[in-house]
Undergrad: 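Input: one structure, supplied below.
Only a predicted model underlies this, so the values are computations on that prediction, with no experimental measurement involved.
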Amino acid sequence: MFTERQISAMLGQIARQDVVEIGPEPTLTRVAALAHVAERYGYAYDRAHRTGHNKQLVLVRMYQDPHPEARAREAATIAAHPQAGNGGTVPGMRPGTAKPLPEAQEAVARLKDRIMLDVLAQAADKRQQTIAYGSCAVLALVLLLAGMPIGGLVGGAALAAFLWGAFRLGAVRRQRIVRRLIDAGFVPVRDETGGQRFLRPGQQLPGHVNPFTA
């Protein structure tokens with residue numbers, strides 16, 4: 001029932017809005033599956049970010065794709081799944097779930113990659129790294145003021161080493177995702193902030209070239 005309500009709510013957004021938000025969701029797999037459903041209704045992936053308490057949830061933003069192929073895909077989906085969100089079949093999903101059918105698994109996996117790439121980039125931006133490494137200095141200072149200079153040096157150095165390893169692991173994961181997306185035919189581009197994005201051939205970033213973007 002929860003999945004049915006989510007699908008119904010998402011289709012309500014699609015019926016009224018040119019830009020829809022999916023989530024917040026606790027798992028990338030589930031939000032990627034829901035994003036795939038939105039794609040079948042003529043929407044295109046924009047970006048994702050973590051939100052909520054301790055940044056444990058993921059929110060995905062999608063925009064209406066103005067290309068004729070997307071509008072034809074939407075019409076075909078509506079015709080094939082007239083009761084979606086109301087107890088009927090949902091494009092690409094197993095009945096009553098957000099689990100993709102075999103023919104949709106590859107598309108959902110690549111959406112998951114794009115979502116993960118945005119989430120990892122958010123965690124590794126310069127501001128986040130500055131805050132993280134600043135916490136090392138704060139820890140060392142607190143222990144120093146508490147009369148534990150050796151503990152301050154060791155604790156600060158240990159935390160810095162842990163953070164360096166975590167950021168490095170994130171960079172390796174991003175490189176692997178980038179390779180999978182390129183191998184799948186996605187095109188790397190830079191958005192208005194300089195961030196790396198991946199689009200399907202012929203797709204454009206939302207903005208002034210997309211009159212349907214909010």
Undergrad: Using side-chain hydrogen bond (donor to acceptor under 3.5 Å, both in side chains) as the criterion, list what pairs up with Q196, not counting sequence neighbours.
TA: none
Undergrad: With sequence neighbours excluded, tell me which residues meet salt bridge (Lys or Arg N to Asp or Glu O under 4.0 Å) with R179.
TA: D183
Undergrad: Which value, rounded to the nearest 0.5 Å, describes the distance between T27 atom OG1 and K112 atom NZ?
TA: 8.0 Å
Undergrad: Quick check against the 3.5 Å criterion: does Q17 have a side-chain atom that pairs as donor or acceptor with the backbone of V19?
TA: yes
Undergrad: R200: which residues meet the side-chain hydrogen bond (donor to acceptor under 3.5 Å, both in side chains) condition with it, sequence neighbours left out?
TA: E39
Undergrad: May I have all residue pairs that pass salt bridge (Lys or Arg N to Asp or Glu O under 4.0 Å) and include part of residues 73-82, sequence neighbours excluded?
TA: R71-E74
Undergrad: Please enumerate all residues that pass side-chain hydrogen bond (donor to acceptor under 3.5 Å, both in side chains) together with R180, with sequence neighbours excluded.
TA: D113
Undergrad: Under the rule for side-chain contact (heavy atoms from CB on, under 4.5 Å), what residues qualify as partners of P24, not counting sequence neighbours?
TA: T51, L57, L59
Undergrad: Hey, does the side chain of R30 reach the backbone of P26 with a donor-acceptor pair shorter than 3.5 angstrom?
TA: no
Undergrad: Side chains of residues 83-91: which donor-acceptor pairs under 3.5 Å do they make with residues two or more places apart or in other chains?
TA:
from : atom 1 : to  : atom 2 : distance (Å)
Q83  : OE1    : N86 : ND2    : 3.1
T89  : OG1    : H81 : ND1    : 2.8

Undergrad: Which pair of non-hydrogen atoms, one from R110 and one from L181, has the smallest distance, and what is that distance?
TA: O-CD2, 3.9 Å
Undergrad: Using the rule side-chain contact (heavy atoms from CB on, under 4.5 Å), only one of L111, V60, V58 pairs with L28; which is it?
TA: V58
Undergrad: Which distance, rounded to the nearest 0.5 Å, do you find between the CG of L117 and the CZ of F186?
TA: 11.5 Å
Undergrad: By side-chain contact (heavy atoms from CB on, under 4.5 Å), which residues pair with A9, not counting sequence neighbours?
TA: none
Undergrad: Please give me the minimum heavy-atom distance between Q13 and V20, naming the atom from each residue.
TA: OE1-CA, 3.4 Å
Undergrad: Looking at R47 and D118, would you say the former's side chain and the latter's main chain have a donor-acceptor pair under 3.5 Å?
TA: no
Undergrad: Among residues at least two apart in sequence or on other chains, which ones pass side-chain contact (heavy atoms from CB on, under 4.5 Å) with V187?
TA: V189, P201
Undergrad: Y41: which residues meet the side-chain hydrogen bond (donor to acceptor under 3.5 Å, both in side chains) condition with it, sequence neighbours left out?
TA: none
Undergrad: Any idea which heavy atoms bring T77 and R40 closest together, and the distance?
TA: OG1-O, 2.7 Å
Undergrad: Can you check whether A48's main-chain N or O pairs, donor with acceptor, with Y45's side chain at less than 3.5 Å?
TA: yes
Undergrad: Just to verify, what does E21 make a salt bridge (Lys or Arg N to Asp or Glu O under 4.0 Å) with, not counting sequence neighbours?
TA: none
Undergrad: Report, one line per pair, each donor and acceptor closer than 3.5 Å where one atom sits in a side chain of residues 95-105; sequence neighbours left out.
TA:
from : atom 1 : to  : atom 2 : distance (Å)
T97  : OG1    : R94 : O      : 3.1
T97  : OG1    : K99 : N      : 3.1

Undergrad: Would you mind reporting whether L11 and I14 have side-chain heavy atoms less than 4.5 Å apart?
TA: yes
